[in-house]
Visitor: 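Dropping the structure in here first, questions after.
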Amino acid sequence: MPELPEVETVVRGLQGVLPGRRILSVRLGKTDFIDDPDALERELPGTYITSVQRHGKFLVVNLEGAAQGNAKLALLIHLGMTGQLTTCAPEFPAPLHTHVFISLDDGRELRYRDIRRFGRIRVQSNRTGPSPLAALGLDPLEATAGEFRAQVGGRRARVKALLLDQRVFSGMGNIYADESLWRARIHPARLGANLSAAEIVRLRSAVRHVLEEAIRLKGSSVSDYVGADGLPGEFQLRHRVYKRQGKKCSRCGATIRRMIVAGRSSHFCPQCQRGPRKTKAKASN
DNA sequence: CTTACGGCCTGGGTGC
DNA sequence: TGCACCCAGGCCGTAA
């Protein structure tokens with residue numbers, strides 16, 4: 001599933017090929033995951049790609065009109081669960097579920113494929129309403145220790161829910177939330193407000209370590225993820241808990257467990273990551 | 001206001 | 001060969 005490291009890998013791959021290219025034409029397959037398919041076909045041709053960036057799990061392709069001073073546009077792409085954004089020769093046969101074909105002035109084609117169409121594509125301009133990027137929380141790689149503590153401490157939501165909430169931290173999903181909590185030795189069901197200052201520091205450094213290592217290994221390919229070059233990542237080989245229930249914890253040897261926390265399956269070591277205290281409904285007085 | 005939870009979207013994988 | 005079921009991320013409505 002594309003989370004921060006996977007999107008970052010795709011962005012870095014595209015940064016080498018897209019900036020400076022002009023979009024010649026757009027061809028669409030199914031469009032139910034595109035906010036305004038007509039706008040995509042109408043507004044993209046003729047524009048120049050100026051840069052590619054990541055915001056949380058969003059991939060942003062910045063565009064500029066041919067004439068000077070033209071309104072700037074951005075193509076916002078969220079890969080959802082199974083989105084793939086690659087460039088290739090236009091003759092290359094398109095695999096099933098490829099729904100967007102953008103031909104470029106260097107003869108190559110930018111393609112979007114999405115098996116389940118949980119992804120989203122949207123053209124963003126100054127007249128298309130509020131950008132979904134505005135609602136995003138801190139980038140976990142850029143958040144200072146103080147910012148991190150402010151988002152986690154004092155919150156009565158489960159720490160797993162906080163890590164997954166894109167308005168709190170942007171970019172993390174189930175894999176990296178679970179891997180980070182294991183590394184920090186924090187149970188996913190603990191409440192943010194109940195974490196000690198030391199635990200919050202540990203969590204921030206675990207998140208950074210895990211995300212940076214995953215970026216180095218070009219992401220985790222667990223379902224359909226591939227980078228901009230079509231190649232899978234390798235971080236799935238380093239997963240310590242994600243989808244490893246029943247296997248041994250590499251740190252203490254206990255058996256990894258899976259349980260639903262914050263509505264999502266959560267993988268953790270019951271030995272290294274001690275559960276929250278059971279709050280008694282009514283203590284004696 | 002904050003948090004919790006169920007449902008919806010889709011289709012590949014799994015198990016019967 | 002079929003088929004019901006589960007699961008995933010984001011979002012939305014509803015309830016406490």
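Because the structure is predicted, anything quoted here is derived from the model rather than measured. Labels below follow one simple rule: chain letters A, B, ... track the order of the sequence lines, proteins then strands, and each chain is numbered from 1.
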Visitor: Among residues at least two apart in sequence or on other chains, which ones pass side-chain contact (heavy atoms from CB on, under 4.5 Å) with A:Pro132?
Guide: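 With neighbours one apart ignored, the set is A:Phe58, A:Leu76, A:Arg122, A:Gln124.
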
Visitor: Give me the other members of the hydrophobic cluster that A:Val201 sits in, counting Ile, Leu, Val, Met, Phe, Trp and Tyr linked by side-chain heavy atoms under 4.5 Å, directly or via other members.
Guide: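 In the cluster with A:Val201 there is nothing else; it is isolated.
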
Visitor: Detail all sub-3.5 Å separations between protein N/O atoms and N/O atoms belonging to nucleotides 3-6 of chain B.
Guide:
| from | atom 1 | to | atom 2 | distance (Å) |
| --- | --- | --- | --- | --- |
| B:dT3 | OP1 | A:Arg155 | NE | 3.0 |
| B:dT3 | OP1 | A:Arg156 | N | 3.2 |
| B:dT3 | OP2 | A:Arg155 | NE | 3.2 |
| B:dT3 | OP2 | A:Arg155 | NH2 | 2.5 |

Visitor: For residues 91-101 of chain A, which residue pairs pass the side-chain hydrogen bond (donor to acceptor under 3.5 Å, both in side chains) check, not counting sequence neighbours?
Guide: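 Pairs touching residues 91-101 of chain A that pass the test: none.
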
Visitor: Could I get the full list of salt bridge (charged side-chain N to carboxylate O under 4.0 Å, His left out) partners for A:Arg155, not counting sequence neighbours?
Guide: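 Salt bridge (charged side-chain N to carboxylate O under 4.0 Å, His left out) list for A:Arg155, sorted by chain: empty.
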
Visitor: Apart from A:Met259 itself, what residues make up its hydrophobic cluster, given side-chain heavy atom links below 4.5 Å?
Guide: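 A:Met259 clusters with A:Val261, A:Phe268.
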
Visitor: Do any side-chain atoms of residues 206-219 of chain A form donor-acceptor pairs under 3.5 angstrom with protein atoms, and if so which ones, sequence neighbours left out?
Guide:
| from | atom 1 | to | atom 2 | distance (Å) |
| --- | --- | --- | --- | --- |
| A:Arg208 | NH1 | A:Leu141 | O | 3.0 |
| A:His209 | ND1 | A:Arg183 | NH2 | 3.4 |
| A:Glu213 | OE2 | A:Arg238 | NH1 | 2.3 |

Visitor: Not counting sequence neighbours, which residues clear ring-ring contact (aromatic ring centres under 6.0 Å, His included) with A:Phe148? List them please.
Guide: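 Once residues adjacent in sequence are excluded, the partners of A:Phe148 under the ring-ring contact (aromatic ring centres under 6.0 Å, His included) criterion are A:Phe169.
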
Visitor: Contact boundaries of DNA chain C with chain A (under 4.0 Å, heavy atoms), 5' to 3'?
Guide: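 Boundary nucleotides touching chain A, in 5' to 3' order, are C:dC7 to C:dG10.
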
Visitor: Would you tabulate the side-chain donor-acceptor contacts of residues 81-90 of chain A under 3.5 Å, counting partners in other chains and residues two or more places apart, or write 'none'?
Guide:
| from | atom 1 | to | atom 2 | distance (Å) |
| --- | --- | --- | --- | --- |
| A:Thr82 | OG1 | A:Asp114 | OD1 | 2.6 |
| A:Thr82 | OG1 | A:Ile115 | N | 3.4 |
| A:Thr82 | OG1 | A:Arg116 | N | 3.0 |
| A:Gln84 | OE1 | A:Arg113 | NH1 | 3.2 |
| A:Gln84 | NE2 | A:Asp224 | O | 2.6 |

Visitor: Mind checking A:Arg258 for me? I need base, sugar-phosphate or nothing, with any heavy atom below 4.0 Å counting as a touch.
Guide: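 A:Arg258: backbone/sugar contact only, no base atoms under 4.0 Å.
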
Visitor: How large an angle, rounded to 10°, do the end axes of the helix from B:dT2-C:dA16 to B:dC16-C:dG2 enclose when each is built from five base pairs?
Guide: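 Here the local axes at opposite ends form an angle of 40°.
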
Visitor: Could you list the protein-to-nucleotides 12-16 of chain B atom pairs, N/O on both sides, closer than 3.5 Å?
Guide:
| from | atom 1 | to | atom 2 | distance (Å) |
| --- | --- | --- | --- | --- |
| B:dG12 | OP1 | A:His97 | NE2 | 2.9 |
| B:dG12 | O4' | A:Arg116 | NH2 | 2.9 |

